[in-house]
Amino acid sequence: MHDIDPAATALLDAWKAMDEDGYLAAFADTFRTIDPYGETTTPDGVKEHIQIIRQNWKDLDYVVDDAFSADDRAVIAYTISMTGTAGGWEGKRVSLPCMAMVRTEGGKIAEWREQFDTGVLVRARKKAA
């Protein structure tokens, strides 16, 4: 069993369901989220991120590979998978290993730093072509 922070589970489950309200509800009143595609500190930025994902991907899922948390900090290694719907990814299934460093406040996410190798996407596109 992984020691995954409940706030991180809530965020990943909302992402999987493409539930904008649930995704946004996982964040504290003041937050920052950073991934290879950008950074946001506003609810509108979070909604835009979900909308971009929704336009390009479907059948989202994730598996937690490893995780630990202590106090208000957590690190989660997980693999997301999804099927492309646009941008040359149509019908292609992609699995992407990710890592998130998380800081929580009051049971909500104050900071989410997600990293993944964007080269995985490039190699998957070349392989699928």
Return the [atom1] to [atom2] distance between [X] and [Y], rounded to the nearest 0.5 Å.
X: Trp57; Y: Lys92; atom1: CH2; atom2: NZ; value: 9.5 Å
X: Tyr62; Y: Lys16; atom1: OH; atom2: NZ; value: 6.5 Å
X: Glu114; Y: Trp15; atom1: CD; atom2: CH2; value: 8.0 Å
X: Lys47; Y: Asp21; atom1: NZ; atom2: CG; value: 6.5 Å
X: Asp72; Y: Ile109; atom1: CG; atom2: CD1; value: 12.5 Å
X: Leu60; Y: Met18; atom1: CG; atom2: CE; value: 5.0 Å

Tell me if a side-chain donor or acceptor on [X] pairs with a main-chain N or O of [Y] at a distance below 3.5 Å.
X: Thr104; Y: Gly107; answer: no
X: Lys108; Y: Ala25; answer: yes
X: Thr30; Y: Ala110; answer: no
X: Asp35; Y: Gly38; answer: yes

Inset, instruction - Apply side-chain contact (heavy atoms from CB on, under 4.5 Å) to the pair Met82 and Asp61, showing each step before the final yes or no. - result: CA-CA 6 Å; Met82 54 214 160; Asp61 202 1; over 6 Å; no

Inset, instruction - For side-chain contact (heavy atoms from CB on, under 4.5 Å), just list the numbers for His49 and Tyr23, CA-CA rounded to whole Å, side-chain angles, deciding distance to a tenth of an Å, and then say yes or no. - result: CA-CA 10 Å; His49 186 72; Tyr23 195 84; 4.0 Å; yes

Inset, instruction - Show your reasoning for whether side-chain contact (heavy atoms from CB on, under 4.5 Å) applies to Phe116 and Ile80. - result: CA-CA 10 Å; Phe116 56 85; Ile80 58 176; 5.8 Å; no

Inset, instruction - Flag yes if Ile34 and Met101 sit in one hydrophobic cluster, no otherwise; membership is Ile, Leu, Val, Met, Phe, Trp, Tyr, and two members link when side-chain heavy atoms are under 4.5 Å apart. - result: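 The answer is no; the residues belong to distinct hydrophobic clusters.
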
Inset, instruction - Please answer: with hydrophobic residues joined when any side-chain heavy atoms are less than 4.5 Å apart, are Ile53 and Leu96 in the same cluster? - result: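 Linked within one cluster.
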
Pairing residues for [X] by the side-chain hydrogen bond (donor to acceptor under 3.5 Å, both in side chains) criterion, not counting sequence neighbours:
X: Glu111; value: Arg32, Arg113
X: Asn56; value: none
X: Ser81; value: Arg93

Legend entry - Donor-acceptor side-chain pairing of Asp66 and Tyr78 below 3.5 angstrom: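 Absent: no donor and acceptor within the cut-off.
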
Legend entry - Any side-chain heavy-atom pair of Met99 and Val75 under 4.5 Å: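 Side chain of Met99 against side chain of Val75, heavy atoms only: contact under 4.5 Å found.
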
Inset, instruction - Using the test side-chain contact (heavy atoms from CB on, under 4.5 Å), find all partners of Ala8 that sit at least two apart in sequence or belong to another chain. - result: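 Once residues adjacent in sequence are excluded, the partners of Ala8 under the side-chain contact (heavy atoms from CB on, under 4.5 Å) criterion are Ile4, Asp5, Ile76, Trp112.
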
Legend entry - Which atom of Ala26 lies closest to which atom of Ala7, heavy atoms considered: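 Residues Ala26 and Ala7, closest heavy atoms: CB-O, 4.4 Å.
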
Legend entry - Asp19 versus Arg54, closest heavy-atom pair with distance: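 Between these two residues, the closest heavy atoms are N-NH2, 4.5 Å.
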
Inset, instruction - Check salt bridge (charged side-chain N to carboxylate O under 4.0 Å, His left out) between Glu90 and all other residues, then give those that pass, not counting sequence neighbours. - result: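 Not a single residue meets the salt bridge (charged side-chain N to carboxylate O under 4.0 Å, His left out) criterion with Glu90.
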
Inset, instruction - Would you please name every residue forming a salt bridge (charged side-chain N to carboxylate O under 4.0 Å, His left out) with Glu48, sequence neighbours left out? - result: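 So Glu48 forms no salt bridge (charged side-chain N to carboxylate O under 4.0 Å, His left out) with any residue.
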
Inset, instruction - Evaluate the side-chain contact (heavy atoms from CB on, under 4.5 Å) criterion for residues Val46 and Thr40: first the C-alpha distance (whole Å), next the side-chain angles of each, then the deciding distance (0.1 Å), finally the verdict. - result: CA-CA 7 Å; Val46 168; Thr40 190; 4.0 Å; yes

